Colleague: 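Starting off with a structure, shown below.
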Protein chains: 2
Amino acid sequence: MSLLTVGSVAFDALETPFGKTDKIIGGAATYITLSASYFTKENNLVAVVGDDFPQSMIDDLTQHGINTEGLQVRKGEKTFFWSGKYHNDMNSRDTLVTELNVMENFDPIIPDSYQNCQYLMLGNTAPSIQQLVVERLQKRPKLIVLDTMNLWIDIANADLMSLLKLVDVLVLNDEESRMLTHEYSLVKAAAKIQAMGPKTVIIKKGEHGALLFSEGRTFFAPALPLEVVFDPTGAGDTFAGGFIGHIAKTDDTSFDNMKRAIIYGSAMASFCVEKFGAERIMNLTQEEIQARVNEFVTLSAFGL
Amino acid sequence: MSLLTVGSVAFDALETPFGKTDKIIGGAATYITLSASYFTKENNLVAVVGDDFPQSMIDDLTQHGINTEGLQVRKGEKTFFWSGKYHNDMNSRDTLVTELNVMENFDPIIPDSYQNCQYLMLGNTAPSIQQLVVERLQKRPKLIVLDTMNLWIDIANADLMSLLKLVDVLVLNDEESRMLTHEYSLVKAAAKIQAMGPKTVIIKKGEHGALLFSEGRTFFAPALPLEVVFDPTGAGDTFAGGFIGHIAKTDDTSFDNMKRAIIYGSAMASFCVEKFGAERIMNLTQEEIQARVNEFVTLSAFGL
């Protein structure tokens, strides 16, 4: 089934205890769509870059079967740029530079060929832009998945509340869920979020795994214990991409299939952190993914 | 099979955002042995209290089938007392009072009737005392499980290193494993600990579950997502008690059975935090425990 991903395509410059990069390809939609490309063949992207964005990076996306018809290239403007430096524990980071550039007035134009997509993944960007996307689709997708961040909970709360009524699944991390609901318990936080609109809530806990709340049921997916986290950038988006990619591939939104989708998402995220930026998820095989998923089975299976 | 538990029996005074207690029964060995009592019938305790320790509290233990022959009551001396106050997130706490009292010169005397125990659980106390216990057993138990804490890693490192060579399983939390090994990655930390002696390492991550490393294999047990954590005191010891209790009951130290034991330990810990101190684990039924264990199955099971 066809998946539409909307969000940022960007330049990132990253610094971790293991080294630093020049400007490499980044952005939520990049990670999501690349990750999803290993699952679904109909991958449509809506995003915006400046004319400083190299054709070779766009080619990298199209080589993964991603339709870039909806990727606007703005003449004379510059691509969104983010630079960050991770602390030694890799769990916190400082933003060094944020240049919104083309993202400042991103108008998410949906190409006609993208209409009738069955699945919609709203990568992290301003809730007002995300809502525009929903409104511009002539037919409501089967499943709308939303990612957001602390910034929007803080400065665009009303927009976010309006948007939450329109989506099926909210993906956010534990801190964000606490910020959004003022509840420390993730169980209570998820219930409050469900009352805001999304029937399904996925709370990411980074190295501690992820929780799925839906239909009164709860599922916990572990994160793979890793020897080295080389660069966590994009891991959350890669997780979301694997999740929605698996759903789109199987065209099944049942709770049991969402559990599988979270395992696939977690497996994809575990690859993402192995190298800088999107490097690792640019170069994966189906065999590697399946082997990684099997590690999750081994890790968490027990018999009574 | 018979289990010997050695460690502190104490008074605790606790303060959480939900309220505060007067002096209630606490101490690592109390939680361990109470938790284990739901699994194994042969529960032997070695500990020391002062004569300020009420007989009614000792009766609470014996009513759970715990053999208190090895519980020394020192005339004219006072019981170990600890008082702590939890912060709002329940993940950190301040120690308000520590009065070692009888623990200052605890001599772990093993009654003859305790010799030939098959399983030994060394609850958190000074490594030199823990080692005395191992040396005083005429026959090495089938499995020796050790708990320790940051204090001993800091001030009794050489003693701890000596002791680690003698034990089979080390149970500690994530922070302690990092402190002991200077490795942030829990995978690397576990490998380093295994090189120090224990073939099996269990790293507790509190609300994030627990990891088991043994025989080159890794197992992850989730913690149950809870609406309310009322009081986390003793949760780690209760976990250890459920773990060793299940092992002693089944007399099976295989990796697969250790996985089950960790699930039982996690279930017991999830009860512990529901009320102040040991109140909840004083009053459990086998049906409640089984139902809780089944929640872990539901929480983490998935099919590909």
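Since the model is a prediction, treat every value here as computed from it, not as a measurement. All values below come from the heavy atoms of this structure, side chains included, with hydrogens, waters and symmetry mates left out. Convention: sequence-line order gives letters A, B, ...; per-chain numbering from 1.
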Colleague: With only heavy atoms counted, which part of B:Glu295 is less than 4.5 Å from chain A, the side chain, the backbone, both or neither?
Modeller: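 It is neither, since no heavy atom gets under 4.5 Å.
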Colleague: Which atoms form the tightest heavy-atom contact between A:Ser300 and B:Phe302, and what is the distance?
Modeller: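 Taking every non-hydrogen atom into account, OG-CE2, 3.5 Å.
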Colleague: So for atom CD, which belongs to A:Gln194, do other residues, nucleotides or ligands contribute more than 12 heavy atoms lying within a distance under 6.0 Å?
Modeller: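 Correct, the count exceeds 12.
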Colleague: Given a strict heavy-atom distance threshold of 4.5 Å, which part of B:Arg178 is in contact with chain A: side chain, backbone, both, or neither?
Modeller: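 Contact with chain A is through the side chain of B:Arg178 alone.
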Colleague: Between A:Val228, A:Thr218, A:Val229, A:Thr298, which shows the greatest number of heavy-atom pairs under 4.5 Å with chain B?
Modeller: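 Ranked by heavy-atom pairs under 4.5 Å with chain B, first place is A:Thr218.
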Colleague: Is there a donor-acceptor contact under 3.5 Å from the side chain of B:Lys259 to the main chain of A:Gly303?
Modeller: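 Side chain of B:Lys259 to backbone of A:Gly303: no pair is present.
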Colleague: What option among A:Glu183, A:Glu227, A:Met90 has the most heavy-atom pairs under 4.5 Å with chain B?
Modeller: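 Highest number of pairs under 4.5 Å: A:Glu227.
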Colleague: Any side-chain heavy atom of A:Leu304 sitting closer than 4.5 Å to one from B:Asn294?
Modeller: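 With C-beta onward as the side chain, the pair touches.
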Colleague: Is chain A contacted by the side chain of B:Leu226, its backbone, both, or neither, given a heavy-atom distance below 4.5 Å?
Modeller: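 The backbone, not the side chain.
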Colleague: Heavy-atom distances under 4.5 Å only: say whether B:Phe220 touches chain A with side chain, backbone, both or neither.
Modeller: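 Contact with chain A is through both the backbone and side chain of B:Phe220.
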Colleague: Please check if atom NZ in A:Lys192 has more than 12 non-hydrogen atoms from other residues, nucleotides or ligands closer than 6.0 Å.
Modeller: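 Result for NZ/A:Lys192: enclosed.
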Colleague: To the nearest 0.5 Å, how far apart are NZ in B:Lys205 and NE2 in A:His208?
Modeller: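 Going from NZ on B:Lys205 over to NE2 on A:His208, the span is 5.0 Å.
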Colleague: For A:Glu15, does the CD atom have more than 12 heavy-atom neighbours from other residues, nucleotides or ligands under 6.0 Å away?
Modeller: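 Count over threshold, so yes.
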Colleague: Answer yes or no: is there a side-chain heavy-atom contact under 4.5 Å between A:Pro225 and B:Val187?
Modeller: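 Touching, per the 4.5 Å side-chain cut-off.
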